[in-house]
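In listed order, ligands and their atoms are each counted from 1.
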Amino acid sequence: MELPEEWQRAVVPSLPAAGSDVVGEFADTIYGRTPDGGELTELVLRSRDDGVLDGAADRLRHRAVIACPLGDVVLDTLTHRPAGAGAAPVVVVLNFKGNDETIETWPYATAIAAGYAVLTVDYQQIEPDDPAPAAPGVRALFPNETWGAVAAWAWGLCRLLDIAGRIPGVDTAGAVALGHSRLGKAALWAGAQDDRFAVTAANGSGCCGAALFRHPAGEDIAAITTKFPHWFVPSFAAYARHENDLPVDQHQLLASIAPRRVAITSAEADAWADPIGEYLAVTAARPSFPPNAIGYHLRPGDHDLLEEDWRYVLDFANRG
Ligand code: GTR
């Protein structure tokens, strides 16, 4: 297929040289570094419903306590796992509107049929999505760290993997980090920092996700740092309208995950997330990956995490 001219062009920095600390550059420039700490000290099963989804899945709710240097984070997680199977690889994915809403809106039956368990938590149990939160999140529990909320949500994905490792019938080998939009940005930052993720999947992740800064379309640094100053390190805002001065661009973030696998999904009408910029980042990152280890999928429609997106990610993960 011949792509339109604008889909073929991007002037971007070269891919990271072997041994360079590109993840450190992204930490310093954009996200802040996600601290390693946070120990899962308690995991209590609160409820268990076997045979949901027409008998295909078990549904488990846990309360997890994660000890951090200055206090605990408490997470109420929801897990669906294939019924009666051996250990299923897990998709960890944060949700926007609470666990119960995902039961209405996410295609759990599709994930279970693909052989995956799915583990989720409300992202604001990790860090409030607010520049001046009423109650602090995990960032306040680590002294002397500068990290934005995206990095805090990435930390949460890593802790979900710790939790998955303690749930019978759920396997962390082959784990997938999945996220939509701001949580797709978090999934990429988790995948870049934690090599337990075999697959990193970002849907509609846009600016500071999979989209190239140097492809001038959709959301830019000025817009994102004005509306969401708490997502990144404060110094990142200085690059507003100076995208070309950035020491990094997002194809390098994708490349930093290689040789582990990456799936980028976009929607045609999601202009704010710049699907062309996402595609160009994938194309520019491709030389860092083994064959078929980075995938791109574009569907019709707008900014959302739909069954088609899940299907692509699950098929991609199963091909690994
Ligand atoms: C938008 C934001 C995007 C994206 C989106 C979302 O308002 O500009 O970067 O993260 O929110 O998370 O839905």
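- Residue His62 is tested with Asp76, Leu45, Leu119 for a side chain to side chain contact (heavy atoms under 4.5 Å, CB included); the sole match is Leu45.
- With hydrogens left out, the protein atom closest to atom 3 (C) of ligand 1 is Glu219 OE1, 3.2 Å, a heavy atom.
- By the criterion of a heavy-atom distance under 4.0 Å, neither the backbone nor the side chain of His180 is placed next to ligand 1.
- Among all protein heavy atoms, the one lying closest to atom 12 (O) of ligand 1 is Arg182 NE, 2.5 Å.
- The protein non-hydrogen atom at the shortest distance from atom 13 (O) of ligand 1 is Ser181 OG, 2.7 Å.
- Listed by atom number, the atoms of ligand 1 under 4.0 Å from Trp231 heavy atoms are 9 (O), 10 (O).
- In this structure, the side chain of Trp153 engages the main chain of Glu127 through a donor-acceptor pair within 3.5 Å.
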From CA spacing to verdict: salt bridge (Lys or Arg N to Asp or Glu O under 4.0 Å), Asp304, Arg299: CA-CA 11 Å; Asp304 206 349; Arg299 62 158 171 79; 6.0 Å; no

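- Considering only heavy atoms from C-beta on, Leu246 comes within 4.5 Å of Phe236 through its side chain.
- Crowding of Asp245 atom CG: a count of heavy atoms from other residues, nucleotides or ligands under 6.0 Å exceeding 12.
- Shortest contact from atom 7 (O) of ligand 1 to any protein heavy atom: Phe228 CZ, 3.5 Å.
- Atoms of ligand 1 found under 4.0 Å from any heavy atom of Ile224, numbered from 1 in the order shown, are 9 (O).
- A cation-pi arrangement is not found for Arg260 relative to Phe197, the charged atom failing to lie both closer than 6.0 Å to the ring centre and inside a 45° cone about the ring normal.
- Residue contact annotation: Lys185 has a non-hydrogen atom under 4.0 Å from ligand 1.
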